[in-house]
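Hydrogens, waters and symmetry mates play no part in the numbers below; they use all other heavy atoms, side chains included.
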Amino acid sequence: MSDEVFLVPRAPVEPRQVEVALSGLDVTAEEPEDGFLASWRLPGALVRIFDDPALHVVQLMVTGPDRDDVAARLRAVIPTFAPEDMPGLFAAVESRDHLVRLLGLLAALSPETADPALVALYREGFGHADALVRMSAVLDASVPGWPELRPDIERLAVADEDERVRETAATVLDVLDRRRATG
């Protein structure tokens, strides 16, 4: 089990929404650390909002021994995306830029263990006609680092028509190898 719970709000989240979700608990707003937009401390958890520039998504991060309970309270008030939302969102893609943003959202929502429906969405990105989409899919696939995607990334590293995609895939393979070596 992870030490953190990450939530991706469906719409921009205001600090007041977090405070409403946590009302009735002993919550204190804190000065956020660098890289965080807002922060709240509870007896068994810490809640922080951050904008992930690599994935292009705003996330809520909940840490501490009561993280699961606090995350459930937040979900009850703040609508969030879930991994099972992704196939429907991909089916409604409107543009290349929209697809690139969805790949970032997919990375943010990918669970530790590969889900076949989500693997298929990464593969959709790997096979896209646009090199920027393929490059984004490779970078975003490095977040979960699922071994099921490695053969696809290896193929892109040696056979993609675009040099930037090949270089990105090779770099991602190096990152995955280092991550595996350090456990």
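- By the 4.5 Å heavy-atom criterion applied to side chains, Asp160 and Arg134 are counted as neighbours.
- Annotation for Ala131 and Arg164: closest pair CB-NH2, 3.8 Å, computed over non-hydrogen atoms.
- For the pair Leu118 and Pro83, the tightest heavy-atom approach, listed with the atom from each and the gap, is CD2-O, 3.6 Å.
- Across Arg73 and Leu25, no two heavy atoms sit closer than the pair NH1-CD2, 3.5 Å.
- Pro12 is not listed as a side-chain neighbour of Val58, based on a closest heavy-atom distance of 4.5 Å or more.
- Contact of the Leu139 side chain with the Thr168 side chain is registered, since non-hydrogen atoms from C-beta on lie closer than 4.5 Å.
- Phe126 has its side chain within reach of Val138: a pair of non-hydrogen atoms, C-beta onward, lies under 4.5 Å apart.
- Of all non-hydrogen atoms in Arg179 and Gly145, the two that sit nearest each other are NH1-CA, 3.9 Å.
- Under the rule for a side chain to side chain donor-acceptor pair (under 3.5 Å), the partners of Arg150 that lie at least two apart in sequence or sit in another chain are Glu154, Asp177.
- The ring pair (Phe, Tyr, Trp, His ring centres under 6.0 Å) check on Trp146 picks up Tyr122, with sequence neighbours excluded.
- Looking only at side-chain heavy atoms (C-beta outward), Ile49 and Gln59 stay at 4.5 Å or farther from each other.
- The heavy-atom pair separating Ala108 from Val8 by the smallest distance is CB-CG2, 4.0 Å.
- Under the 3.5 Å distance criterion, with hydrogens and angles disregarded, no donor-acceptor pair is assigned to the side chains of Glu30 and Trp40.
- The side-chain heavy atoms of Phe81 and Leu7, taken from C-beta on, include no pair separated by under 4.5 Å.
- Under a hydrophobic clustering in which Ile, Leu, Val, Met, Phe, Trp and Tyr are joined whenever their side-chain heavy atoms come within less than 4.5 Å, directly or via other members, Leu46 and Val5 fall into different clusters.
- Across Val18 and Leu60, no two heavy atoms sit closer than the pair CG2-CD2, 4.1 Å.
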